[in-house]
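Presented below is the structure to which this report refers.
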Amino acid sequence: MASLKISDNDFNRLVKFMEDKYGINLKQKRILIEGRLSNTVTQRGFTDFTKFLDTVFADRSGTEMINLLNKLTTNHTYFYREDGHYEFMKNVALPELEKLKKDNRIYLWSAASSSGEEPYTNIMALLEYFKFKSGSWNLSTLATDISQKVLDMAKEGVYSKESLSKLPPEWKKKYFLPQPNDCFKVAPDVMKRAEYKVFNLMDRIPFRLYPFDIIFCRNVMIYFETDIKIALVNRLYEVLRPGGYLFIGHAESIPRDTTKFKYIKPAIYQKPLDG
């Protein structure tokens, strides 16, 4: 069956809404929109995008919009993604932070956490680095996403064998419990260190109880216009501890003359100690 076509008017109002509300740029994504939404539109009993979008925009519960976001943004992820970041954490970032810290607390933020693979990998990386000292360190992460659906999946903590395939084998043995149907559940000592909250990255960042030591904001800014991306990066800078690190996706970049961050290497930036 051919994809349902979206009219110019519906395309333009969807693009404008997504950019104004969430900073997501869909201007060049007409084919993606039709491909990902056509079946949903027809299965819901609509004959065109107009009535479907009317329903989405009129829903005050937010359920329709979250379902739309889940369809339009890619939530594909897996454990130990972009392994170079974890090598850098082990060899550079965590040794530096361990020397700097006076409160024995390492606080991470996974700013687009999706279904939990990233924040749980981050916690495992912390536990591996601190090993027997972990009992005297407060190791935790905040994990946020715009979608309650994917956060609920993260809180469940059950994953397929395929999503664990990039993990070091010893991590899989140490931090997961086998489940039926070739699935694995994250161990309680890892799960208890993650706090999940719904958050739109377009909003003011309210999480200021502790400055973050490392922020992961990977593979989300590819959807943003340059000015929106720069504004977000500057907000992240304000809640990062001096000497802390920002990790972004390897397909992303930050214009160096628009931020106070120090460029370290591709996809890794640092807030200067005097920042």
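Given the structure is predicted, the values throughout are model-derived calculations rather than measurements.
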May I ask whether Y196 and Y175 are part of the same hydrophobic cluster, defined by side-chain heavy atoms of I, L, V, M, F, W, Y residues being less than 4.5 angstrom apart, directly or through others?
yes
For [Y], is there any backbone N or O sitting under 3.5 Å from a side-chain donor or acceptor partner on [X]?
| X | Y | answer |
| --- | --- | --- |
| T259 | R256 | no |
| R235 | L201 | yes |
| S38 | L4 | yes |
| K271 | Y237 | yes |
| D48 | K51 | yes |
| T144 | A111 | yes |

Hey, is R30 close enough to D8 for a salt bridge, meaning N to O under 4.0 Å?
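So R30 pairs with D8 through a salt bridge.
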First locate atom [atom1] of [X], then atom [atom2] of [Y], and finally report the distance between them rounded to the nearest 0.5 Å.
| X | Y | atom1 | atom2 | result |
| --- | --- | --- | --- | --- |
| I31 | I6 | CD1 | CD1 | 12.5 Å |
| N200 | I146 | CG | CD1 | 4.0 Å |
| L108 | D213 | CG | CG | 7.0 Å |
| D145 | S114 | CG | OG | 6.0 Å |
| L26 | E19 | CG | CD | 8.5 Å |
| D189 | L127 | CG | CG | 5.5 Å |

Decide yes or no for [X] and [Y]: does some side-chain heavy atom of the first lie under 4.5 Å from some side-chain heavy atom of the second?
| X | Y | answer |
| --- | --- | --- |
| L72 | I24 | no |
| I268 | H85 | yes |
| I214 | N122 | no |
| F224 | E252 | no |
| I228 | M202 | yes |
| L37 | L68 | yes |
| W109 | L236 | yes |
| R44 | T55 | yes |

Taking all non-hydrogen atoms of both residues, which atom of [X] and which atom of [Y] are closest, and how far apart?
| X | Y | result |
| --- | --- | --- |
| M221 | V233 | SD-CG2, 3.8 Å |
| S160 | C183 | CA-SG, 4.4 Å |
| M89 | P95 | O-CD, 3.6 Å |
| S110 | T141 | N-OG1, 3.9 Å |
| L273 | P242 | O-CB, 3.4 Å |
| Y129 | K90 | CE1-O, 3.6 Å |

Counting only heavy atoms from other residues, nucleotides and ligands, does the tally under 6.0 Å from NZ of K21 exceed 12?
no
Ignoring hydrogens and angles, state whether a donor on the side chain of D10 or T50 is under 3.5 Å from an acceptor on the partner side chain.
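The answer is yes; a qualifying pair exists.
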Show, in sequence, the C-alpha distance, side-chain angles and deciding distance for L100 and R241, and conclude whether the side-chain contact (heavy atoms from CB on, under 4.5 Å) test is met.
CA-CA 10 Å; L100 285 172; R241 181 184 301 278; over 6 Å; no
Stepwise side-chain contact (heavy atoms from CB on, under 4.5 Å) check, E238 with I205
CA-CA 9 Å; E238 294 303 320; I205 299 174; over 6 Å; no
One pair to check against ring pair (Phe, Tyr, Trp, His ring centres under 6.0 Å): W171 and Y80. What are the steps and the verdict?
CA-CA 10 Å; W171 291 26; Y80 212 69; 5.3 Å; yes
Parallel under 30°, tilted from 30 to 60°, perpendicular over 60°: which one fits the rings of [X] and [Y]?
| X | Y | value |
| --- | --- | --- |
| F216 | Y86 | parallel |
| F184 | F176 | perpendicular |
| W137 | F130 | tilted |
| F79 | Y120 | parallel |
| F49 | F52 | perpendicular |

Test of understanding: with salt bridge (Lys or Arg N to Asp or Glu O under 4.0 Å), list the residues that count as partners of D20, not counting sequence neighbours.
K16
For residues 118-130, pull every pair meeting salt bridge (Lys or Arg N to Asp or Glu O under 4.0 Å), keeping only residues two or more places apart or in separate chains.
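Residue pairs with at least one partner in residues 118-130: E118-R218, E128-K131, E128-K174.
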According to the salt bridge (Lys or Arg N to Asp or Glu O under 4.0 Å) rule, which pairs have a member within residues 149-173, sequence neighbours left out?
K161-D182
Please confirm whether R105 makes a cation-pi placement over Y210, using NZ or CZ under 6.0 Å from the six-membered ring centre and within 45° of the ring normal.
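Yes; both conditions hold, so R105 lies above the ring face of Y210.
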Can you list the steps and then say if L246 with I254 is a side-chain contact (heavy atoms from CB on, under 4.5 Å)?
CA-CA 11 Å; L246 170 67; I254 299 171; 3.9 Å; yes
